[in-house]
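Here is the structure we will look at.
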Amino acid sequence: MTVSQVREKPEVKGASPLPRRGKSPFVKWVGEFGWRHLVAVAVLVFGLVPIVYVVSAAFNPNGTLSSTSLLPTSFGFGNFEKLFTDPNVPFGRWFLNSLVIAVPAAFISIFISSLAAYAFSRFRFRGRRPMLLFLLLIQMFPAFLSVVALYLIFGSIGEFYPVAGLNTKLGLMLVYMGGALGVSTWLMKGFFDTIPKELDEAATIDGATHAQIFFGMILPLAAPIIAISGILAFVGTMNDFILASLFLTDRPEMTLAVGLKTLTADNSPASYFGIFAAGTLLTSVLTVAVFMSLQRYIVSGLTGGAVKG
Amino acid sequence: MLEQRSRTAGSATAAGLIIKIAVLAVVAALAVWAALPLIAAEAWWGLALEAAVVAVLYYVYLQRRAIQLKYLVPGTLLLIAFQILPVILTIGTSFSNYGDGHRVDKEQAVEAIIAAGVQQTPGGATYLFAVGESSTGELTLLLTDQRDGSTWAGTEAGLTELDDATVDASGRVTAAPGYTVWDLAELNERQAELAELAVPTGDDSGIKVQGLSAFEGTSTRSYDEACDCIADAATGTVWYADNEEGSFLTEDGEPALVGWRVDIGADNYLDVLTDPDIRGPFLGIFTWNILFAAGSVLLTFAIGLGTAMALNKPSMRGTKVYRTLMILPYAMPSFAMLLVWAQMFNRDFGLVNDLFNLSVNWYGGTWSARAMVLIANTWLGWPYMFLICLGALQALPSDSLEAARIDGATGVTAFRKITLPLLLIALTPLLISSFAFNFNNFNAIELLSGGSPFRAGDAVGGTDLLITYAFRQAFGATTADYGFASAISVFIFLIVATMSAVMFRFTRNQEDVYS
């Protein structure tokens with residue numbers, strides 16, 4: 001079935017376009033472009049099937065897995081309604097929790113690493129190179145690898161400061177921020193390096209302090225890279241499951257990742273699948289919108305990061 | 001956070017100065033707030049540490065010479081506290097037997113064992129009880145004294161007063177800050193653990209649960225320092241301390257229920273190497289872990305590169321549309337899509353079996369489950385590979401390709417001899433970090449298969465990675481073994497460190513090529 005879809009597409013396209021000079025324009029077109037469309041369509045089928053499926057499930061009024069097919073057979077908003085009315089599915093709370101944790105965590109992380117990136121880019125001091133290498137290394141050790149130790153640490157933090165122990169949002173945010181330096185300092189330093197130093201010098205001559213240079217000049221100039229790093233940090237935090245599941249165990253306190261997982265658990269009702277799909281769809285609206293609008297920057301951010309390792 | 005503007009050469013703006021003073025004042029206020037509980041608990045080392053941190057902050061932001069420190073300190077402090085310290089603590093824990101049954105120190109273990117031998121004395125205090133877990137997962141009796149209604153939290157370490165517990169009409173605790181109270185179902189399920197729990201209240205007294213209430217009484221057991229043993233006068237049993245294992249053992253080698261936390265050297269590591277019950281499964285996980293990471297990288301890279309090659313043609317129509325659609329899977333929240341894939345592989349109603357008219361029980365067999373997680377993980381990863389491959393392809397020096405064409409290299413040959421090698425030079429560091437990422441891809445396994453399939457009685461699942469295995473050893477349904485879980489984590493550290501070393505090599509080579 002999928003194969004026939006794939007085959008059809010290039011022929012449909014091939015019928016219309018650009019007659020070229022040469023013997024058989026169609027054969028030539030196939031040689032040059034046809035296979036490209038074929039590959040693209042085939043990959044897209046693979047890529048889009050699960051997404052189409054989620055959409056279909058979200059609008060399927062029955063909401064069960066068995067009644068969901070790839071293309072919707074019936075249509076209704078019931079799942080979305082239940083998402084906000086079912087007392088057992090505090091989706092609004094989860095969404096809010098995720099935002100309350102991820103937005104400040106991303107914000108502060110990016111602020112902290114832009115500070116560090118500024119120091120690495122503009123100052124020359126002893127230990128600069130080793131520290132940069134160390135940051136590259138620490139990037140390979142995401143915090144969740146020490147999950148046992150984090151659990152024990154926050155257990156005892158909670159004994160002294162209940163606001164930041166296990167089962168608190170603040171504690172989880174602290175963990176996310178702990179990894180701030182490793183994640184985007186390199187990316188930002190690379191970008192700061194491309195801002196000409198002459199600008200700093202001119203500003204210094206005009207009497208600007210280093211803080212004024214940083215907040216008034218570097219940060220605004222680096223806005224695109226800061227936005228990208230912020231979004232990547234935000235999405236990374238939203239997607240975290242391991243730490244969130246350990247820290248936030250009370251149902252109303254869960255994040256989206258932990259909460260939505262409970263909807264597909266073996267012991268939850270079959271009709272929750274539709275609610276889950278609706279929740280997934282609402283969650284994706286946010287990330288997809290962000291990604292699509294910043295597509296160009298994200299691509300360049302990824303490849304820029306690539307060169308820097 | 002610490003956005004203060006300090007001065008160079010004495011030239012400060014008024015606003016900068018005000019912000020700086022305000023921030024330092026907040027730091028001072030926080031410091032006082034943080035010091036109070038430490039003083040109350042007489043945790044002097046903690047207080048000293050806190051004082052040191054505050055001193056460093058004040059020094060850094062008041063001095064004027066090393067300006068870079070002002071920008072580095074906030075991130076560095078967080079990095080040390082929540083990333084480096086946990087690594088060190090993990091290594092430390094890996095040399096101990098910390099876990100259920102070995103949570104407390106020896107003195108407390110002795111008390112707990114003595115308390116377990118408590119017999120009810122006429123006229124002794126009785127308690128209503130609820131059961132819960134503390135924030136660190138410790139089994140706790142939430143007690144209400146029936147004489148005066150005061151509430152207490154009792155663990156195998158002892159009794160502490162609970163000030164702000166919520167109680168129901170009968171006086172039973174229903175909620176308490178810092179504790180998760182069990183419901184009836186859980187209470188029934190974990191009855192056995194409860195029967196073994198005894199809360200020490202004095203040298204030879206303790207609280208035990210009996211039926212629906214708990215009582216305090218005196219113990220028939222006593223600790224004798226001379227033989228480092230505990231004797232039960234009623235039954236005649238004697239437990240001798242094994243200070244290396246952190247347990248009290250009878251002469252037959254039966255351990256008492258509560259042990260204590262000791263340094264057991266490299267035993268956790270040696271277990272992996274020598275205990276056949278652990279070594280075999282461990283090797284299995286390790287091999288699969290590498291297969292999974294390598295397979296994920298290879299598959300995503302192959303699809304990503306193929307697609308990028310196909311779309312890397314400026315004169316082609318519709319590339320923009322294709323590209324936008326291809327980013328879609330990457331833009332979807334990955335945790336949710338993993339859960340969707342998990343449902344798509346459902347045996348009876350899942351989409352995959354539906355579409356292809358199969359009835360494969362994907363979660364049943366080791367290899368079908370492995371194929372499943374690889375397919376789903378490939379789906380998640382290929383758009384990223386596509387994006388970076390496309391970026392790298394467009395950055396390729398066109399003169400080399402031109403030269404190759406003039407020399408007669410076409411199609412496949414040009415790709416194999418020119419394009420691919422050039423691409424690999426640029427992308428190797430990324431491929432390695434992708435490997436490292438997938439090596440520890442907790443989400444993919446946990447959300448897709450949860451490590452299944454499990455053979456009966458096995459702690460190791462067919463799709464388990466080291467990290468999911470370690471996680472389950474520490475936080476799974478069975479007894480927690482933090483020591484062993486930490487040892488596995490250290491093992492992961494070593495592997496990751498090796499990978500980073502390899503990556504550094506490549507990055508350096510690459511710098512040589514480009515400079």
Side-chain angles (χ1 to χ4, degrees), chain A residues 33 36 39-40 43-44 47 50-51 53-54 65-66 70 112-113 115-116 118-119 123 125 137 140-141 143 145-146 148-150 153 155 158 160 165-167 174-175 177-181 207 209-211 238-239 241-242 257 260-261 264 273 280 283-284 287-288 291 295 299 302-303 306 309, chain B residues 1 5 7-8 11 16 37-38 67-68 71-72 74-75 78-79 81-83 86-87 89-90 93 135-136 178 303 306-307 310-311 313 316 322 325-329 331-337 339-340 343 346 349 351 387-388 391 429-430 436 442-443 474 482 485-486 489 492 496 500 507:
Chain A
F33 295 105
R36 295 175 189 273
V39 169
V43 172
L44 269 187
I51 297 176
Y53 185 63
V54 176
L65 188 62
S66 54
L70 183 55
I112 287 173
S113 44
L115 286 176
Y118 177 61
F123 297 94
F125 48 91
L137 186 78
M140 303 281 281
F141 294 86
L145 287 187
S146 331
V148 175
L150 282 171
I153 287 177
F160 292 110
L166 293 168
N167 247 322
L174 282 174
V175 180
M177 283 186 260
L181 270 197
T209 62
H210 59 84
M238 289 279 280
N239 280 325
F241 178 80
I242 180 167
L260 284 178
K261 169 146 201 260
T264 63
F273 179 65
T280 303
T283 314
S284 352
T287 51
V288 169
F291 263 82
Q295 215 189 107
V299 174
L302 286 178
T303 42
Chain B
M1 204 161 88
R5 308 170 177 217
R7 17 187 175 167
T8 37
S11 65
L38 292 174
I67 292 163
Q68 73 275 3
Y71 290 90
L72 289 173
L78 281 173
L79 186 76
F82 300 117
Q83 200 144 20
V87 170
L89 192 67
T90 304
T93 313
S135 57
T136 48
I303 298 183
T307 323
L311 291 189
K313 180 90 180 173
M316 180 180 161
Y322 282 135
L325 286 175
M326 280 170 184
I327 298 182
L328 214 55
M332 298 292 282
S334 63
F335 73 87
M337 292 317 288
L339 291 169
V340 170
Q343 299 298 314
N346 185 296
F349 311 116
L351 183 71
L387 288 177
I388 61 167
L430 265 173
F442 180 86
N443 272 18
Y482 300 134
S486 298
S489 297
I492 301 175
V496 174
S500 352
T507 336

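This is a predicted model, so every value here is computed, not measured. Chain identifiers are assigned alphabetically (A, B, ...) following the order of the sequence lines, protein sequences preceding nucleic acid strands; residue numbering begins at 1 within each chain.
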How long is the span from the [atom1] atom in [X] to the [atom2] atom in [Y], to the nearest 0.5 Å?
{"X": "B:Gln83", "Y": "A:Phe141", "atom1": "CD", "atom2": "CZ", "value": "9.5 Å"}
{"X": "B:Tyr322", "Y": "A:Leu44", "atom1": "OH", "atom2": "CG", "value": "7.0 Å"}
{"X": "A:Ile112", "Y": "B:Leu78", "atom1": "CD1", "atom2": "CG", "value": "4.5 Å"}

Report yes if some heavy atom in the side chain of B:Leu89 is under 4.5 Å from a heavy atom in the side chain of A:Ser146; otherwise report no.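 A side-chain contact is absent here, since even the closest heavy-atom pair is not under 4.5 Å.
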
Side chains of A:Thr283 and A:Leu260: does their closest heavy-atom pair fall under 4.5 Å?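 Yes, close enough: below the 4.5 Å cut-off.
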
Region of [X] in contact with chain B, defined by heavy-atom distances below 4.5 Å:
{"X": "A:Met140", "answer": "both"}
{"X": "A:Val39", "answer": "side chain"}
{"X": "A:Val54", "answer": "side chain"}
{"X": "A:Tyr53", "answer": "side chain"}
{"X": "A:Leu181", "answer": "side chain"}
{"X": "A:Ser113", "answer": "neither"}

Heavy-atom pairs under 4.5 Å with chain B - which of A:Leu150, A:Leu174, A:Ile242 has more of them than the others?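 It is A:Ile242.
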
Go through A:Leu65, A:Leu166, A:Thr280 and name the one with the most non-hydrogen pairs under 4.5 angstrom from chain B.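 Going by pairs under 4.5 Å, I would pick A:Leu65.
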
When [options] are compared by non-hydrogen pairs under 4.5 Å with chain A, the top option:
{"options": "B:Thr90, B:Leu351, B:Ile492, B:Val87", "value": "B:Leu351"}
{"options": "B:Ser334, B:Ser486, B:Gly306, B:Ala81", "value": "B:Ser334"}
{"options": "B:Val340, B:Asn346, B:Thr93", "value": "B:Val340"}
{"options": "B:Met337, B:Met316, B:Met326", "value": "B:Met316"}
{"options": "B:Ala485, B:Ala336, B:Ala310", "value": "B:Ala310"}

A:Thr264 side chain to B:Leu339 main-chain N or O, any donor-acceptor pair under 3.5 Å?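 Flag not set: sc A:Thr264 to bb B:Leu339 has no pair under 3.5 Å.
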
Decide side chain to side chain contact (heavy atoms under 4.5 Å, CB included) for A:Phe273 and B:Gln343; before the verdict, give the C-alpha distance in whole Å, the side-chain angles of both, and the deciding distance to 0.1 Å. CA-CA 9 Å; A:Phe273 179 65; B:Gln343 299 298 314; 3.4 Å; yes

Considering residues at least two apart in sequence or located in another chain, which fulfil the ring pair (Phe, Tyr, Trp, His ring centres under 6.0 Å) criterion with A:Phe123?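 For A:Phe123, the residues satisfying ring pair (Phe, Tyr, Trp, His ring centres under 6.0 Å) (neighbours in sequence not counted) are A:Tyr118.
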
Partners passing side chain to side chain donor-acceptor pair (under 3.5 Å) against A:Asn167 (at least two apart in sequence or in another chain):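 A:Asn167 satisfies side chain to side chain donor-acceptor pair (under 3.5 Å) with A:Thr249 only.
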
